[in-house]
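Letters A, B, ... are given to chains in the order of the sequence lines, protein chains preceding strands, and every chain is numbered from 1.
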2 protein chains.
Amino acid sequence: MDKVRQDSKAPRSYGQFCALARGLDLVGERWTLLIVRGLLAGPMSYTDLRASVGGIATNLLAERLRALESNNIVQRQLGDSGVLYALTPWGAELRTPMEALGRWALPLLERGQGDDAFQPRWLALAIPALLRGAAANPPVELGIETDGFSMVVRIDEDGPSAVARTDEQPETIFTGSPDIVVGLAAGRLTIDQAITMGNLQGDRDTLSAVFPPERANAGSVSATP
Amino acid sequence: MDKVRQDSKAPRSYGQFCALARGLDLVGERWTLLIVRGLLAGPMSYTDLRASVGGIATNLLAERLRALESNNIVQRQLGDSGVLYALTPWGAELRTPMEALGRWALPLLERGQGDDAFQPRWLALAIPALLRGAAANPPVELGIETDGFSMVVRIDEDGPSAVARTDEQPETIFTGSPDIVVGLAAGRLTIDQAITMGNLQGDRDTLSAVFPPERANAGSVSATP
DNA sequence: CCGCATCCTCATGGATACTG
DNA sequence: CAGTATCCATGAGGATGCGG
């Protein structure tokens, strides 16, 4: 018999004619934005995505992905290595509100990592968000390594971006704990402080080009958490 | 005996060292951002707030307000008319990410109001969000009436803002359904189309100063919902 | 293995009634 | 008016199963 998948999910809506409310109808459920966070770095397989989201139950991930797909935020791709999930163009535009929310929540990072989990790939969203507004011509590239994960932060005329580092070219690499890297990006630590606490291989100029000293303690974070 | 209020709420956290996740720990629960939406227009009493949020159960509102207060997003004020809830400075900064999310969700309004509820005061968040970036010197003010509610949209050198209209000064007033007002603000309708569908008392120049024709169909909304 | 679906338990949400 | 108390429905979380 035909397996007609009954769309038995009536995904609780606010039922309000308001852009914010309708947006929250789509991305306001638990885990949803963390799934998008994972996909902002590029398409991923189900299993990788599950690890990237961090702690989501498998049935919930499947359910959320189904909802996201039917709302045109996520699309499935058939790679040669199996199924890949990717953001649609509209879904990728969630980067802006998500970065804004992340910047708002920055003061919450000041209490440090504590017992919380950490995945270096999450920084691939955070770093560009924190550096948003910066631009450089010619481009600057800085390798950053934390918690065993390497990424390249690049600032060009289009602004900052971060990608996982696959090659092994001798770029300027700064190594430090998540606290230090975030503190540097957030302007909470000066470059000198960061170098004292971390480890810089290469020239300091690249580091200060990516994290300009004038941003330090610049108070882009204004209020008390 | 002492009523020691056991803080029995262990408000389910993602437990991740990530600004987005920590932000969602505070404002990611259902209804929370809609409560903030209400308070962005100014301090409100419990009962007014409940009406403004639209459909929230009273126990949930009390619980959310308690959490928001203990997280320094909302603070209670003692007005002479009783308790008032207001945003803290940090809480008020949620306007930026909320506007960003609203702009992202704008395509969802294109299917019209349908059966959804509508409260004109919600536009006090939406209109400035849609007009963000606009500035005018000298300032322009336009009275807008929809669904029995009047507001004044003002654009000055600091950008757009909207406040409920209490006085009865003879300002230029445009009257139209929510669909029309939103369509105009979103640049989906031209001024001529809006006037055809609505009703303008006063001069067209003020209307076009607030909703510049060049924004119409400008494609600030890029993707498909 | 990967990509889910099912089952079960319990915390959370939602509606309504009630109280200082 | 400003909530609390109660009860039921629903969604989250965890374990496990199962076909490809």
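Summary of helix geometry: the two end axes of the helix from C:dC1-D:dG20 to C:dG20-D:dC1, each defined by five base pairs via their C1' atoms, are inclined to each other by 30° (rounded to 10°).
For the side-chain contact (heavy atoms from CB on, under 4.5 Å) test with A:Leu65, the passing option among A:Val83, A:Leu49, A:Ile73 is A:Leu49; the others fail. Tested against A:Met151, the residues A:Ile144, A:Val181, A:Val163 include a single side-chain contact (heavy atoms from CB on, under 4.5 Å) partner, A:Ile144. Considering B:Val74, B:Leu94, B:Val53, B:Leu68 as possible partners of B:Thr32, the one that fulfils the side-chain contact (heavy atoms from CB on, under 4.5 Å) test is B:Leu68.
In terms of phosphate contacts, A:Arg76 brings no side-chain nitrogen or oxygen within less than 4.0 Å of OP1 or OP2 of C:dG3. Distances shorter than 4.0 Å separate none of the side-chain N or O atoms of A:Arg12 from OP1 or OP2 on D:dA9. Contact annotation: B:Trp31 side-chain N/O to C:dG14 OP1/OP2 distance is under 4.0 Å.
Between the OH atom of A:Tyr14 and the P atom of C:dG13 there is a distance of 10 Å, rounded to whole Å. Atom CG in B:Leu68 sits roughly 13 Å away from atom P in D:dG3 (whole-Å rounding). The nearest whole Å value for the distance from the CG atom in B:Leu49 to the C1' atom in D:dC1 is 14 Å. The distance between atom CZ of A:Arg50 and atom P of D:dG13, rounded to the nearest whole Å, is 12 Å. Atoms CD (A:Glu29) and C1' (C:dA11) sit 16 Å apart, rounded to a whole Å. The CD-P distance, from A:Glu63 to C:dT6, rounds to 12 Å in whole Å. B:Leu61 places its CG atom 16 Å from the C1' atom of C:dT12, with the value rounded to the nearest Å. The nearest whole Å value for the distance from the CD1 atom in B:Ile35 to the P atom in D:dG3 is 12 Å.
Of the listed nucleotides (D:dA12, C:dG14, C:dG3), D:dA12 has the atom at the smallest distance from the side chain of A:Leu60. In the set D:dG13, D:dT4, C:dC4, D:dT4 carries the atom at the smallest distance from any side-chain atom of B:Ala62. Across D:dA12, D:dA15, C:dG13, the shortest atom-to-atom separation from the side chain of A:Thr58 is found for D:dA15. Listed nucleotides D:dA2, C:dC4, C:dG14 differ in distance to A:Tyr46; the shortest reach to its side chain belongs to C:dC4.
Looking at A:Glu141 and A:Val153, their side chains never come closer than 4.5 Å, going by heavy atoms from C-beta outward.
Between B:Tyr85 and A:Arg30, the residue anchored nearer the 5' end of DNA chain D, judged by the nucleotide with its closest heavy atom, is B:Tyr85.
Contact annotation: side chain of B:Asn59 to base of D:dG3, donor-acceptor pair absent below 3.5 Å.
Within the 6.0 Å centre-distance limit, the rings of A:Trp31 and B:Tyr14 are counted as a close aromatic pair.
For the pair B:Asp156 and B:Arg154, the salt-bridge criterion is met [side-chain N within less than 4.0 Å of a carboxylate O]. Ion pairing between a basic and an acidic side chain is recognised when a charged N comes within 4.0 Å of a carboxylate O; A:Arg12 and A:Asp25 show no such pairing.
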